[in-house]
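Worksheet: the structure to be examined is printed underneath.
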Amino acid sequence: MSGPREAAWLRIDVVTLFPELFDVPLRTSVIGRALERGIVDVTLHDLREHGLGRHRSVDDYPYGGGAGMIMRPEPLHAAIEPLRQAGAQVVLLDPAGERLTDPLARDLASSGRLALVCGRYEGIDERVRSLVDREVSIGDYVLTGGELPALVLIDAVVRLVPGVIEAESHESDSFADGLLEGPQYTRPETFMGLAVPPVLLSGHHGEVARWRRREALRRTLRRRPDLLVDADLTDDDRSEIARLMAPEEGDSDS
Ligand code: ADE
């Protein structure tokens, strides 16, 4: 949230009517540190500054009638255009957009410069869609505006920027290879009668890696079988899945 820094690996500009919503999330934890260290730069732009007339109006009644107010195109155009000209990929947060997924987050993380446009009120004038490069939704539900979705996108993207967290940690994330991540354990060795799987205490790295892969496959098969269609699977993975699908393996829901 500091001023623009040449060295930032990723620059994100956010166009919003509520810049204050970003204060705490952008100052906290992993994202806060990435901004503090200048690896990523986030600049907030208050859309109200481009509002029209004495009241700096940004919305108006819908043509054809109906409930609610619609965001006018001119203030958004005035805010977006300089960012586009500076080379930003312009992303509108909108429930009708493409779904935010791990591959999309990785793609956006390597884009160099993003401009996130947050809608508010009941909607935006349709012509604003022609000012943006892509539209992104964080899921099939409607929020009161694009600010929280923009924060979700920023969090998902910034943690993938090199140097923000250990590469190993997002390489083993759920979704990184198209699978859910398997179970993880820390101390104590036994908790409420539940013991840590002995293989994790064995010190045998090969066995641990094989066990983790098997558990990731098992969890994905049980919880999100749809992900297996596009997952990166080896022949061994396919045999393991066939084994897991055999009737006697069918009862665990991990
Ligand atoms: N604005 C309102 N709801 C949204 C959603 N689900 N995703 C992105 N932007 C939104």
Side-chain angles (χ1 to χ4, degrees), residues 1 10-26 28 30-31 40 42-51 57-64 66-81 83-84 88-111 113-161 173-175 180 223-224 226-227 230:
M1 270 199 291
L10 177 64
R11 260 200 79 166
I12 304 176
D13 293 278
V14 182
V15 176
T16 171
L17 279 170
F18 299 98
E20 65 276 17
L21 272 175
F22 292 79
D23 278 357
V24 174
L26 295 184
T28 306
V30 173
I31 309 302
V40 177
V42 177
T43 305
L44 300 168
H45 303 268
D46 188 346
L47 183 62
R48 187 70 60 187
E49 287 173 13
H50 299 283
S57 168
V58 293
D59 61 342
D60 212 330
Y61 295 98
Y63 278 124
M69 303 290 275
I70 305 296
M71 289 175 83
R72 291 179 58 132
E74 309 95 310
L76 284 162
H77 179 258
I80 293 170
E81 227 17 61
L83 302 174
R84 168 197 307 296
Q89 180 176 176
V90 182
V91 177
L92 172 70
L93 282 307
D94 190 280
E98 68 184 293
R99 183 77 65 86
L100 181 61
T101 57
D102 188 68
L104 176 54
R106 286 172 197 273
D107 186 31
L108 296 173
S110 61
S111 70
R113 184 156 181 181
L114 289 172
L116 306 181
V117 180
C118 305
R120 270 272 151 181
Y121 305 126
E122 268 63 33
I124 53 160
D125 185 285
E126 186 63 20
R127 292 162 291 187
V128 171
R129 297 191 199 276
S130 63
L131 307 176
V132 309
D133 298 305
R134 67 205 304 176
E135 299 176 32
V136 173
S137 164
I138 63 161
D140 290 343
Y141 40 84
V142 179
L143 300 169
T144 53
E147 283 76 10
L148 295 177
L151 281 166
V152 168
L153 187 151
I154 290 171
D155 193 291
V157 164
V158 169
R159 63 188 290 285
L160 297 171
V161 168
D173 279 347
S174 280
F175 306 113
L180 299 180
R223 298 188 182 194
R224 292 290 308 278
D226 56 300
L227 293 176
D230 293 322

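When a ligand or atom number is given, it counts from 1 through the structure's own listing order.
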Worksheet item: Short question: side chain of D173, backbone of F175 - any donor-acceptor pair under 3.5 Å?
Response: no

Worksheet entry | Side-chain ion pair, R84 and D133, N-O less than 4.0 Å | yes

Worksheet, complete the sentence: E49 meets the side-chain hydrogen bond (donor to acceptor under 3.5 Å, both in side chains) criterion, sequence neighbours left out, with none

Response to the item:
R106 meets the salt bridge (charged side-chain N to carboxylate O under 4.0 Å, His left out) criterion, sequence neighbours left out, with D102

Discussion item. Under the rule for side-chain hydrogen bond (donor to acceptor under 3.5 Å, both in side chains), what residues qualify as partners of E126, not counting sequence neighbours?
Written reply: R129

Fill in: Salt-bridge criterion met for R127 and D125 (N-O under 4.0 Å)
yes

Discussion item. So if I only count non-hydrogen atoms and take anything under 4.0 Å from ligand 1, which residues does that give, chain by chain?
Written reply: L93, D94, P95, V136, S137, I138, G139, Y141, V142, L143, G145, P149

